[in-house]
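Side chains are part of it too, since the values below use all heavy atoms of this structure and drop only hydrogens, waters and symmetry mates. Naming: A, B, ... by sequence-line order, numbering from 1 per chain.
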Amino acid sequence: MRGWVLDCYPDMDADRMVLWFKTPRGPVRVVDDMTPHIYVHATKERLQKLTNDLAMIGVKDAEPQKRKVSLGEKEKDVLAVPVREYASLQSLAMTIDSWGRYREHALFNVDLRMDQRYFLGKGLFAMGLTEIDGLKSMDAWRRIDYPVPELKGLDLGVAVNGSGIPTMDDGLASISANGVVLDGSEERMLEDLMSLVRDEDPDIIYTDRGDSFVLPYLQHRASLHDMSLELGREQGERTSRGKSYFTYGRIVYKPPAHKLRGRVHIDRQASFTYAEAGLPGLIEMSRLSHIPLQDISRLSPGSAISAMQVNEAVRSGHLVRWKKNLPEDFKTAGALIACDRGGFIYEPKVGIHDDVWEVDFFSLYPSIMVRYNISPETLNCRCCPTSSRIVPELGYRVCEKSTGLVPHVLEPILNRRRVYKSMKNDPRKGANYQQRAKALKWVLVTCFGYTGYRNARFGRIECHESITAYGRDILIRSAAIAESRDFEVLHGIVDSLWLHGSGNVRRLCDEISAEFGIQLNIEGRYRWIVFLPNVSTGVGALNRYYGLFEDGELKLRGIAVRRKDTPMIVEELQQDMLRCLSKAHDAERFVETIPEALQVVDRYAAELRNGTVAADRLMVRRRITRRLEEYAQFNDSVAALRQLHDKGFELQPGQSIEYVILDSGSERSWERVRAAPFLSGDDRYDGEKYVEMVHRGASELLSPFGWSFERMRQRDGSQRR
DNA sequence: ACGGCACGGGG
DNA sequence: GTGTACGTGCCGT
């Protein structure tokens, strides 16, 4: 019988691996043996001594082997240490580590995922079609057009008694499952839910905030009735610990994961990839990374690319060095910035332009890594001391003899993305392929960041520098080519150029693509585009613009509508103004339309002053980056945070807070703002403060046309008189 | 005036 | 398990 690998995880008590398959005839559970190994590299003499020492603590049959311990180097002597008790792997590694003084020996394959070990050992992979008897793969993870099982989903939600922030103490009002509402007593609802799940037997349970609330809440309610809530195909959950951590330059909070056994729980709020690329995107990433669906749904695209690199390294005979003490070892600013000037940015020509083309390189940074063979082991490699491939500006030599790990992993991903994008209009598979392309896009985007991340397994700062150096070189030279073909370069950022002129853009793109071996594509032609000035200096404005494409679509960057902390009322204002301005088909008409856009501003101001705007349109949402007592300034967020604190709620750094501004100038938190849970429905908001925000939003769009914030205020004042 | 604080970008 | 650094603008002190 054949089935797709739906899940794979270790049974920590039996020291065996558990596999769940999705077959056309239902789910199948299989248990398989696996002995994970950790490896030690040292001198032959030390390894011999280590073998004896290990035998003394009961670890027998450690075996000398030859393996590659770093990229691009020959095999070395290592000791393969079998770990029979899964739970002891970490402590055994720490014991061995403690036996060696500094750099006397190095440990490998310690922090590899158990599922990854299993798959790599067996030649299987997550979501791969497998012959279950004998556990043989009938599939290849590199396949682009692969068979996908039909997975049955169940949408689970709860409604809770009481108003305000739902807590574990609130009673259960109702449960909804695929739109069916269960009610009655709590016990009854929970019983009904379990029997419904048993009868329907879904492969996937979808929730919104299932990790952070729904599942722990339902379990808690069940425990109050001496019941145990089981939603998996087998008893028990695989629950992890929650954590605040630093990523993307900010703190986020990741609640404990509630993973089911034999059934996949996808928390839509906890899955970046699901939100961006849906189930097809998750399946694509699961297959390529070999990480089971349920796990990959909670991981970042960066972790996925990291896993793909590990897979490739292991498949090519490498061991993976143990990354110890990761969290404490974060990079300190300094050395990096000195030599890294980042991506190239032109100073845009402020104001409105028409007759504008935007051209973008296809996945520029990943394409550079592939085209110029950028990888940690290829820069200044020992095998090519006289390489003629030299990184611009920096002068690093690049290996000419063999393809690096990073390009080797990236090339098929770039290729897949290109194929999926090219087939997005296929009537049968197009939608599916588009989702897969989206997932891969994010994998490619994060890959660049990983090369410069000191804690990345295959990161090296020189890679990061080299990529941006090539990027700047390519963009500057592309701009020069464009100018030589009679285009005016209005703006350029990293991988995009905005060109004014009536030359042959298609031919220009072909010429530049051929020059660098990286595809330059036409993003579109703008009817008009506005580059915004820097508020304080009036010049520059690097990442803030808005424009109208020929097909009627708006492209917006860096302005209030794009920000998550913009209240809906200001977002609506900008959208309405933009809708109004979109009626203009060129720059001249645009300027003529401005008076009409100003009337939109007046409408919003008047509505706000009426006092009739509903609270949800006034809500400000902001991320909390520290604990209440750690804030040095008293601002709106802190006021709202204090309210929650007063009522016994604490937010973790990384969580968001929502509030309406009641009296912006007040120093008392309860008068200044009202946190969302405590809104009564008839709260009086700070109309003038919101009008000010509306004027700010309006002047953000119109400042290049003489409508500064101050002038916007003056106009408002004179009209009210 | 200056520092605290939060957000975006990538497609 | 977890990309960084920077540009930007508002707001508090």
Side-chain angles (χ1 to χ4, degrees), chain A residues 111 113 240-254 257 276-277 291 295 298-303 305-307 323 326-334 336-338 340-343 345 360-366 417 421 434 437-456 459 461 464 468 493-496 521 523 532-537 540-544 555-566 620-626 630-638 654 656-657 664-665 667 689 692-693 696 700 709:
Chain A
D111 47 357
R113 299 175 58 94
S240 65
R241 273 207 304 260
K243 196 175 181 182
S244 289
Y245 62 92
F246 191 75
T247 174
Y248 274 75
R250 61 174 62 103
I251 301 231
V252 295
Y253 175 69
K254 187 168 183 174
E276 284 291 318
I291 294 176
D295 297 273
R298 290 169 176 78
L299 296 179
S300 70
S303 304
I305 186 81
S306 188
K323 283 269 177 191
L326 275 181
E328 299 93 71
D329 205 26
F330 272 109
K331 174 162 42 193
T332 51
L336 166 68
I337 307 147
D340 176 24
R341 301 203 290 117
I345 302 182
D360 300 343
F361 282 102
F362 177 83
S363 282
L364 179 66
Y365 285 169
R417 176 160 179 248
K421 277 188 86 166
Q434 203 169 0
K438 268 191 186 167
L440 296 182
K441 175 199 74 189
W442 284 106
V443 167
L444 292 168
V445 164
T446 37
C447 180
F448 162 68
Y450 258 61
T451 63
Y453 177 42
R454 203 178 55 178
N455 289 327
I461 192 60
H464 199 271
T468 53
I493 315 174
V494 185
D495 59 353
S496 310
N521 298 314
E523 169 78 358
L532 295 171
N534 181 306
V535 159
S536 47
T537 64
L542 302 176
N543 277 336
R544 303 170 62 235
K555 181 156 179 172
L556 315 169
R557 285 302 116 102
I559 60 177
V561 273
R562 298 278 297 189
R563 292 175 65 99
K564 284 200 301 250
D565 60 347
T566 300
V620 179
R621 170 192 279 255
R622 233 154 223 266
R623 199 183 291 274
I624 297 302
T625 58
R626 54 205 80 189
E630 291 168 328
Y631 278 93
Q633 290 188 163
F634 180 71
N635 59 28
D636 293 343
S637 293
V638 171
S656 294
I657 196 161
S664 172
E667 281 160 31
K689 180 68 193 172
E692 197 185 302
M693 290 162 81
R696 224 180 274 287
E700 182 175 50
F709 177 64

Margin query: Without decimals, in angstroms, what is the distance between A/Asp636 CG and C/dC11 C1'?
Written below: 9 Å

Checklist line | Nucleotide B/dG11, atom P - distance to CZ of A/Arg417 in whole Å | finding: 7 Å

Margin query: I need the CH2-P distance between A/Trp442 and C/dG3, as an integer number of Å.
Written below: 13 Å

Checklist line | Spacing of CZ belonging to A/Phe362 relative to CG belonging to A/Asp495, to within rounding of 0.5 Å | finding: 11.5 Å

Margin query: Without decimals, in angstroms, what is the distance between A/Ile493 CD1 and B/dG11 C1'?
Written below: 13 Å

Next item on the list: Return yes when atom CD of A/Glu667 has more than 12 non-hydrogen atoms of other residues, nucleotides or ligands closer than 6.0 Å, and no otherwise.
Entry: no

Check: Is the phosphate of B/dG11, meaning OP1 or OP2, less than 4.0 Å from a side-chain N or O of A/Tyr365?
Finding: no

Next item on the list: Indicate whether OP1 or OP2 belonging to C/dG3 is found under 4.0 Å from a side-chain N or O atom of A/Ser300.
Entry: yes

Next item on the list: Return the 5'-most residue of the pair A/Ile291, A/Arg563 with respect to DNA chain C, ranking by each residue's nearest nucleotide.
Entry: A/Ile291

Next item on the list: Just name whichever nucleotide pairs with B/dA1, Watson-Crick or G-U, keeping both distances under 3.5 Å, else none.
Entry: C/dT13

Note to self: Let's see if you can work this out: which of C/dG12, C/dC10, B/dG11 has an atom nearest to the side-chain heavy atoms of A/Arg696?
What the structure shows: C/dC10

Check: Atom CG of A/Leu364 to atom P of B/dG10: distance rounded to whole Å?
Finding: 13 Å

Next item on the list: For the side chain of A/Tyr631, starting at C-beta, report the closest nucleotide among B/dG11, B/dG3, B/dA6.
Entry: B/dA6

Check: Between C/dG12, B/dG10, C/dG9, which nucleotide gets closest to the side-chain atoms of A/Arg544?
Finding: C/dG9

Item checked: Closest-nucleotide 5' rank along DNA chain C - winner of A/Asn635 and A/Glu700 -> A/Glu700

Check: Given B/dC7, C/dG1, B/dG11, which nucleotide is nearest the side-chain atoms of A/Asp495?
Finding: B/dG11

Margin query: I need the CD1-C1' distance between A/Ile461 and C/dT4, as an integer number of Å.
Written below: 9 Å

Note to self: Regarding A/Arg622 and A/Asp636, does a basic nitrogen lie under 4.0 Å from an acidic carboxylate oxygen?
What the structure shows: no

Check: When all nucleic acid strands are considered with a 4.0 Å heavy-atom cut-off, which category describes A/Lys689: base, sugar-phosphate, or nothing?
Finding: sugar-phosphate

Notebook entry, point to check: Separation of A/Arg626 atom CZ from B/dG4 atom P, in whole Å?
Noted result: 9 Å

Notebook entry, point to check: Quick one: is B/dA6 close enough that its OP1 or OP2 comes under 4.0 Å of any side-chain N or O from A/Thr625?
Noted result: yes

Notebook entry, point to check: Reckon A/Arg622 touches a base, only the sugar-phosphate, or nothing at all at heavy-atom distances under 4.0 Å?
Noted result: sugar-phosphate

Note to self: From NE2 of A/His464 over to P of C/dC6, roughly how many Å is that when rounded to an integer?
What the structure shows: 11 Å

Item checked: Within-4.5 Å side-chain heavy-atom neighbours: A/Tyr631 and A/Ile624 -> yes

Note to self: If you compare every side-chain N and O of A/Asn534 against the phosphate oxygens of C/dT8 (OP1, OP2), does one of them come in below 4.0 Å?
What the structure shows: yes

Check: So which nucleotide from C/dG3, B/dC7, C/dG12 ends up closest to the side chain of A/Phe448?
Finding: C/dG3

Check: Should the pair A/His464 and A/Phe448 be assigned to parallel (<30°), tilted (30 to 60°) or perpendicular (>60°) ring geometry?
Finding: parallel

Checklist line | Presence of salt bridge, A/Arg696 and A/Glu700, under 4.0 angstrom | finding: no

Next item on the list: Describe the nucleic acid contact of A/Arg557 in one word from base, sugar-phosphate, nothing, applying a heavy-atom distance below 4.0 Å.
Entry: base

Margin query: Any side-chain N or O of A/Lys441 below 4.0 angstrom from OP1/OP2 of B/dG10?
Written below: no

Check: B/dG8 base to A/Arg623 side chain: any donor-acceptor pair below 3.5 Å?
Finding: no

